[in-house]
2 protein chains.
Amino acid sequence: MRLTAKSEYGVLAAIDLACNYGAGPVSAREIAERRGIPPRFLEQLFVALRRAELVSAVRGAKGGFVLTRDPNEVTVLDVVEALEGPLASSVCDQTREETCGKSATCAAAPVWAKATSALRDVFASTSLASLAGTQDTFDKRQSALDR
Amino acid sequence: MRLTAKSEYGVLAAIDLACNYGAGPVSAREIAERRGIPPRFLEQLFVALRRAELVSAVRGAKGGFVLTRDPNEVTVLDVVEALEGPLASSVCDQTREETCGKSATCAAAPVWAKATSALRDVFASTSLASLAGTQDTFDKRQSALDR
DNA sequence: TTCAATCACTACCTATTCAGTCGTGATTTT
DNA sequence: AAAATCACGACTGAATAGGTAGTGATTGAA
């Protein structure tokens with residue numbers, strides 16, 4: 001429920017990789033410049049994305065990062081959870097047991113649960129491919145690969 | 001997009017008022033005790049709720065707060081926005097103009113917008129009455145008033 | 001009329017988190 | 001060997017979260 005700059009930058013970076021999917025590794029420095037992301041900060045995000053096995057790293061000169069899966073198969077939820085941890089409601093996290101009347105659970109819990117669920121649905125149903133810039137640009141790269 | 005303890009406590013307090021709707025003012029102290037909310041903190045939340053005209057205050061002994069509208073007509077969105085400010089995406093807030101390819105807008109913007117919208121829908125469609133404890137408890141109070 | 005209960009307002013405080021930066025090392029290509 | 005790149009951990013300044021404290025204003029009840 002807490003979205004920070006990690007998600008913003010991380011999703012942007014992931015979209016960039018989606019745009020370049022199949023065209024070899026893209027360096028963090030390149031993405032940082034293109035997207036206006038602080039380079040040393042982005043570096044850390046890629047460490048998290050690699051540990052979540054969303055990207056794989058290629059070290060050395062001409063190295064960089066590549067998506068480990070097709071951009072259609074990677075969702076924003078994957079990226080966000082890799083960077084921010086599990087997407088849970090930031091409130092009413094089972095530490096609170098007060099009730100309205102006699103109910104055994106927090107009276108507000110249903111709405112927080114619905115909120116988390118709605119957010120999760122949006123993120124889980126949005127692939128990197130669907131965000132990857134003008135779709136034709138993406139398609140053009142794809143068709144170039146097919147040849 | 002940022003939900004803090006203010007929302008958690010504020011919605012709980014609002015539910016409490018919903019449970020007691022029509023039965024005169026309920027003091028902040030009483031709600032704080034019943035719901036396990038730090039009293040001085042809750043006091044501040046009520047200031048915000050009053051300024052948003054969601055509740056009205058009754059000063060002096062036997063005073064407290066009452067909902068200004070029927071619990072069916074007050075939504076969680078009302079309460080959350082009164083306490084946290086307008087519900088907007090915490091990321092991609094129009095300060096960022098980078099693009100994927102040649103698009104004029106941030107490539108990730110659509111998903112953040114959808115997320116905000118989804119959250120808003122959930123909160124706007126949840127009334128205090130629907131959360132107010134066991135609905136029968138609430139109904140009982142209501143029918144008692146009708147007599 | 002006094003007193004206690006209650007809301008009103010402002011200021012203040014402490015710990016955590018955010019949003020990075022920095023230094024250094026490891027790996028690979030050229 | 002040199003340059004480019006990723007890897008890892010420590011560090012930091014600013015903001016925010018989550019309260020607390022002091023004081024004052026208003027009102028009902030004794």
Side-chain angles (χ1 to χ4, degrees), chain A residues 1-13 17 20 24-68 80 83-85 90-93 95-96, chain B residues 1-13 17 20 24-68 80 83-85 90-93 95-96:
Chain A
M1 200 67 93
R2 161 206 301 154
L3 295 219
T4 71
K6 286 184 183 178
S7 289
E8 177 165 9
Y9 294 149
V11 170
L12 274 181
L17 291 185
N20 292 283
V26 185
S27 75
R29 182 188 52 72
E30 188 181 339
I31 293 176
E33 282 174 9
R34 184 156 50 217
R35 304 283 173 174
I37 303 171
R40 304 298 305 263
F41 193 49
L42 181 58
E43 204 175 89
Q44 297 181 56
L45 303 184
F46 271 120
V47 170
L49 294 177
R50 179 180 51 79
R51 287 182 177 157
E53 300 183 351
L54 293 177
V55 305
S56 63
V58 180
R59 294 174 90 144
K62 300 285 178 185
F65 297 92
V66 276
L67 286 178
T68 54
V80 168
L83 297 172
E84 314 260 19
S90 54
V91 292
C92 205
D93 49 5
T95 63
R96 201 153 284 288
Chain B
M1 203 66 95
R2 160 208 300 156
L3 293 224
T4 71
K6 287 184 184 178
S7 289
E8 177 164 9
Y9 293 150
V11 170
L12 274 181
L17 291 185
N20 291 282
V26 185
S27 74
R29 182 190 49 74
E30 188 182 338
I31 293 177
E33 281 175 8
R34 184 156 49 217
R35 303 285 173 173
I37 304 172
R40 303 300 305 264
F41 194 49
L42 180 59
E43 205 175 90
Q44 297 181 53
L45 303 184
F46 270 121
V47 170
L49 294 178
R50 180 180 51 79
R51 287 182 178 157
E53 300 183 350
L54 293 177
V55 305
S56 63
V58 180
R59 294 174 91 146
K62 300 288 177 184
F65 298 92
V66 273
L67 286 178
T68 54
V80 168
L83 297 172
E84 313 260 19
S90 55
V91 292
C92 206
D93 51 6
T95 63
R96 201 153 284 289

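Bear in mind that the values here come from a model prediction, so they are computed numbers and not experimental data. Each chain gets a letter, A, B and so on, in the order its sequence line appears, and its residues count up from 1.
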Integer-rounded Å distance: [N] [atom2] and [X] [atom1]:
X: A:Leu3; N: C:dC18; atom1: CG; atom2: P; value: 11 Å
X: B:Leu83; N: D:dA17; atom1: CG; atom2: P; value: 12 Å
X: B:Ile31; N: C:dT6; atom1: CD1; atom2: P; value: 12 Å
X: B:Lys62; N: D:dT27; atom1: NZ; atom2: C1'; value: 13 Å
X: B:Ile37; N: D:dG19; atom1: CD1; atom2: P; value: 10 Å
X: B:Leu49; N: C:dC9; atom1: CG; atom2: P; value: 13 Å
X: A:Leu45; N: D:dC8; atom1: CG; atom2: C1'; value: 14 Å
X: B:Arg2; N: C:dC18; atom1: CZ; atom2: C1'; value: 11 Å

Sugar-phosphate only, base, or nothing, as touched by A:Phe65 at under 4.0 Å among non-hydrogen atoms: sugar-phosphate
Sorted by number, the residues of residues 50-61 of chain B with heavy-atom contact under 4.0 Å to DNA chain C: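 Contacts with DNA chain C under 4.0 Å: B:Arg50, B:Arg51, B:Ala57, B:Val58, B:Arg59, B:Gly60, B:Ala61.
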List for me each residue that meets side-chain hydrogen bond (donor to acceptor under 3.5 Å, both in side chains) alongside [X], sequence neighbours excluded, and say none if there are none.
X: B:Ser27; value: none
X: B:Glu43; value: none
X: A:Glu84; value: A:Thr4, A:Ser7
X: B:Glu53; value: none

Side chain to side chain, A:Lys6 and A:Leu45, heavy atoms closer than 4.5 Å: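 Yes, at least one pair of side-chain atoms sits under 4.5 Å.
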OP1 or OP2 of C:dG23 under 4.0 Å from side-chain N/O of A:Arg40: no
Phosphate-side-chain proximity, A:Tyr9 and C:dA19, N/O vs OP1/OP2 below 4.0 Å: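 Checking C:dA19 against A:Tyr9, no side-chain N or O comes under 4.0 Å of OP1 or OP2.
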Aromatic plane relationship, A:Phe46 with A:Phe65 - under 30° parallel, 30 to 60° tilted, over 60° perpendicular: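 The rings of A:Phe65 and A:Phe46 lie parallel, inter-plane angle below 30°.
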Set of salt bridge (charged side-chain N to carboxylate O under 4.0 Å, His left out) partners for A:Arg59, sequence neighbours left out: none
B:Arg29 side-chain proximity, nearest of D:dG19, D:dT23, C:dT6: C:dT6
Closest nucleotide among D:dA10, D:dG18, D:dT20 to the B:Thr4 side chain: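 The closest nucleotide is D:dG18.
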Side-chain donor/acceptor contact of A:Glu43 with base of C:dC22 under 3.5 Å: no
B:Gln44 (side chain) and C:dT10 (base): donor-acceptor pair under 3.5 Å: no
